[in-house]
Every structure is written in structure tokens, then in C-alpha cells.
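Step one of this worksheet: look at the structure below.
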Amino acid sequence: MTFENGIYYSLSDFLKQKFGTKTVKLSIDAGFTCPNRDGLKGIGGCIFCGGKGSGDFAGDRVLSIKEQIESQKELISKKWPSAKYIAYFQAFSNTYASAEILTHKYSEALLCSDIVALAIATRPDCIENEVLDVLKSFAEKTYLWVELGLQTSNEETGRFLNRGYTNADFKKAVNILNTAGIDTVAHIIVGLPGESREDIINSVKFALSCGINGIKLHMLHVIKDTALYEIYKDKPFNIMTLDEYTDTIVEILRIIPPDIVIHRLTGDGPKDITVAPIWSFNKRNVLNLIGKKMRAEGFKQGDLT
């Protein structure tokens, strides 16, 4: 497989191949919550998750879905006037509601002009039969993928994170979605407290073994007003350096088959509330360093598979 950037199968490559033009995600806060916040599974959520449910850069939930989409399109269209758009339901657990509510919210997004796909972020324990029927119905109307937070395959770390679900839940959700013909994307956090390089590699291998279609990799962020921040303040744990992180990503890319879409290799949190790592604010620098290290050794995604 030929990669546009020469080293890995980026989401940009995939979307351009699928839709024939620049395609941009519009991040939405559709007003959902999470079973790990409302008491069904727990209170307070995962310890790394902030008050916006991992949707710090999503739209404002006081606005309608249409208003969030149109306001973001107005800004983006100045840079990419011919772009198409994906409605990305990002904040909190976006399948955690009744079939009626999900249908209404997803439909509102699809009614907006130039929306060519839906991306739905959720938890693996929020894919029940009723929800699956809704997802299948929308997958018949448009391209749709579901993002599932794995974070780690180390069950002990998962309990420390207050994740509230198991590896078996993740594997079951991916299988159910695959059977329905719906693409899945796994989220994995690199640099969790106490985890070794082997733990990180094992998490990636586990996600791949489940049959995912895409993967999102990003470093651990310590964000103010989270349980993780309180732990870090009391007893600071090791935060990966830029070199350590990029070396790890290079190793990961080499074991990911070349047909798996790389949705993310880095990420950043809001500057006013992110405590560490500060180097993550310069996303372009992180990506450039990964590319530099890969090219220097002649490495490509999947060259060890």
C-alpha cells in the first residue's frame, strides 16, 4: 500500500480516497452523559476525563447540533471552500440514550448540508441491541464509524483508571459492530502510570486482535479538575518525554497492518487546564519528529507484520 505521507495510512488519506476531496470532522457535544458518571456504572467517570467528557474542543452543548455544525463549517470553509464534513459526536458517551433520542440527534446532523459521514464516540459497554439497530439503520444511509475507548488492555490499569468495563466488553462490542458491517476505531492512551513499553504494545496488539478498522493513539494528559490531576499533585508520576513518546509511536506503527487507518498519533488538551506534558501543545512538532524518525530508518506502518 502507498501512503501519501510515505510512512503511514492517515485518516486524511482514507477520507480523500473515500470521498474524493478534503473531508473534515466537526466535533459535536450533543448533550449526552456517561454510565460511569450518572451512577449506573460509577460516579465521576474515568480518572483522566475532564468536565467536558473528552470533548474539550467540541461545540457548545447549549447550541443545537445544527448550530454547532454550521458555526464550525463557517470557519473551516474559509480555508477549505470545497470540503465535505463528518459530524463527529465526541463528548461523553454518544450511544448512551434511548433509540428515539439517538435517532433524533443523528438525523439532525445528517440533515445539514455537506455532511457525508457520522463518527460516534462511545464506550464498549454502551452498544446494546436497541442501540445497534439504530447504528445499523444509519449505516445504511451514510458512512459511519464508531470509536470505542479501550485506553489499555492491562486490566489492573483499567481498574486504576476507573474505566468501568473489561477487555471482554471491548472485544464483544467490536465483534457486534463488525458483524453489523460498521467500522470501529480503538482509542489507546500511551504513557499511563505504571505501564511499561510492553504494556502499551500489548494494548495495541489486543485491539488489533479484536478486529478494529482504525486506531487513535495519544499520550496521557494530566488535566486540571480531574481525579488523575489530584493523584499527580499528591504524588507526581512519570510523564513521557517527547523522545520517549515518539520512539514508542514508531514502534507501534511498525506492528500495525498497513490497511488499518491511523486516526491520530498525537493530541493536545486545552492549554489553560493541561498540566502535562507541555510538549504536547506543539502537535506539528510531534508529528514531524515521528516522521523524521520513521524516514531516517526507512520504517513504514506494518513493516514488522
Side-chain angles (χ1 to χ4, degrees), residues 2-30 50 52-91 94 105-106 108-121 142-147 183 185 187 213-219 221 242 246 249 253 261-274 278-292 294-295 301:
T2 301
F3 309 129
E4 186 173 313
N5 58 31
I7 51 177
Y8 64 89
Y9 190 21
S10 71
L11 177 61
S12 178
D13 287 349
F14 171 75
L15 294 176
K16 192 173 290 186
Q17 291 166 9
K18 191 166 188 67
F19 298 112
T21 188
K22 178 69 176 178
T23 309
V24 184
K25 289 190 298 180
L26 307 176
S27 296
I28 298 166
D29 184 335
K52 293 188 177 181
S54 295
D56 294 290
F57 299 108
D60 190 337
R61 64 167 46 198
V62 303
L63 301 176
S64 69
I65 290 172
K66 181 179 179 180
E67 288 170 331
Q68 292 181 52
I69 287 174
E70 294 304 328
S71 65
Q72 292 182 61
K73 281 171 60 178
E74 185 177 356
L75 294 173
I76 292 170
S77 63
K78 296 174 183 177
K79 185 175 182 180
W80 295 300
S82 61
K84 298 295 184 182
Y85 302 97
I86 297 168
Y88 178 30
F89 288 80
Q90 181 182 28
N94 292 278
K105 291 182 183 288
Y106 301 162
E108 185 178 351
L110 272 188
L111 287 172
C112 297
S113 62
D114 295 322
I115 297 294
V116 294
L118 299 177
I120 299 169
T142 189
Y143 177 60
L144 177 155
W145 77 72
V146 174
E147 299 187 4
D183 285 353
V185 179
H187 286 229
N213 307 96
I215 192 164
K216 270 190 171 182
L217 301 162
H218 54 91
M219 76 293 297
H221 287 107
L242 175 58
T246 52
I249 294 300
L253 282 173
V261 183
I262 308 299
H263 284 242
R264 181 194 286 168
L265 289 179
T266 186
D268 58 342
K271 292 185 179 180
D272 58 333
I273 59 172
T274 300
I278 301 303
W279 54 258
S280 68
F281 294 153
N282 192 338
K283 292 169 66 175
R284 179 51 53 191
N285 182 54
V286 179
L287 292 172
N288 286 345
L289 187 54
I290 293 168
K292 181 180 179 180
M294 294 283 284
R295 293 186 180 96
Q301 177 182 335

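Residues Cys112 and Ile69 come closest through the heavy atom pair SG-CD1, 3.9 Å. In terms of heavy-atom proximity, Asp268 sits nearest to His221 at CA-NE2, 3.6 Å. Of all heavy-atom pairs spanning Val24 and Ala83, the tightest one is CG2-CB, 4.3 Å. In plain terms, the two heavy atoms of Ala30 and Lys105 that are nearest each other are O-NZ, 2.7 Å. Between Ser27 and Gln72, the shortest heavy-atom contact is O-NE2, 2.8 Å.
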Go through the steps for Ile115 and Leu26 under the test side chain to side chain contact (heavy atoms under 4.5 Å, CB included), then give the verdict. CA-CA 9 Å; Ile115 297 294; Leu26 307 176; 4.2 Å; yes
Test Leu265 against Leu253 for side chain to side chain contact (heavy atoms under 4.5 Å, CB included), laying out the working first. CA-CA 9 Å; Leu265 289 179; Leu253 282 173; 3.9 Å; yes
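In this structure, OG1 in Thr23 is found 10.5 Å from CG in Asp114, a value given to the nearest 0.5 Å. Taking NZ of Lys292 as the reference point, atom OG1 of Thr246 lies at 10.5 Å (rounded to 0.5 Å). Rounding to the nearest 0.5 angstrom, the gap separating the CZ atom in Arg264 from the OG atom in Ser10 is 14.5 Å. Atom-to-atom distance recorded for Asn282:CG and Thr266:OG1 is 9.0 Å, nearest 0.5 angstrom. Remark: His187 NE2 to His263 NE2 distance equals 8.5 Å, nearest 0.5 Å.
A salt bridge links Lys73 and Glu70; the closest N-O separation between the charged side-chain nitrogens and carboxylate oxygens is under 4.0 Å.
Although no hydrogens or angles enter the test, the distance criterion places a donor-acceptor pair under 3.5 Å between the side chain of Asn94 and the main chain of Phe89. Put simply, the side chain of Glu108 gets close to the backbone of Lys66: a donor and an acceptor are under 3.5 Å apart. Distance alone, capped at 3.5 Å, is enough to place a donor-acceptor pair between the Gln68 side chain and the Asp60 backbone. A donor-acceptor distance shorter than 3.5 angstrom exists from the side chain of Gln301 to the backbone of Tyr9, with no hydrogens or angles considered. A donor-acceptor contact shorter than 3.5 Å is absent between the side chain of Lys22 and the backbone of Trp80.
Within the 4.5 Å cutoff, no side-chain heavy atoms of Val261 are placed close to those of Trp145. Between Ile249 and Val286, the closest side-chain pair of non-hydrogen atoms is not below 4.5 Å. Arg295 places a side-chain heavy atom less than 4.5 Å from the side chain of Asn5. Counting heavy atoms from C-beta outward, Asp183 and Val146 have side chains that stay 4.5 Å or more apart.
If you run side-chain contact (heavy atoms from CB on, under 4.5 Å) between Leu144 and each of Ile86, Leu118, Leu110, only Leu118 comes through.
For residues 4-20, the set of pairs meeting the salt bridge (Lys or Arg N to Asp or Glu O under 4.0 Å) definition, not counting sequence neighbours, comprises Glu4-Lys16.
Phe281 is linked by a side chain to side chain contact (heavy atoms under 4.5 Å, CB included) to Lys271, Thr274, Ile278, counting only residues two or more places apart in sequence or in another chain. Applying the salt bridge (Lys or Arg N to Asp or Glu O under 4.0 Å) test to Glu147 and every residue at least two apart in sequence or in another chain returns Lys216.
Summarising the local packing, CD of Glu74 is surrounded by 12 or fewer heavy atoms from other residues, nucleotides or ligands at distances under 6.0 Å.
Cation-pi geometry between Lys25 and Tyr88 is met: under 6.0 angstrom from the ring centre, within 45 degrees of the axis.
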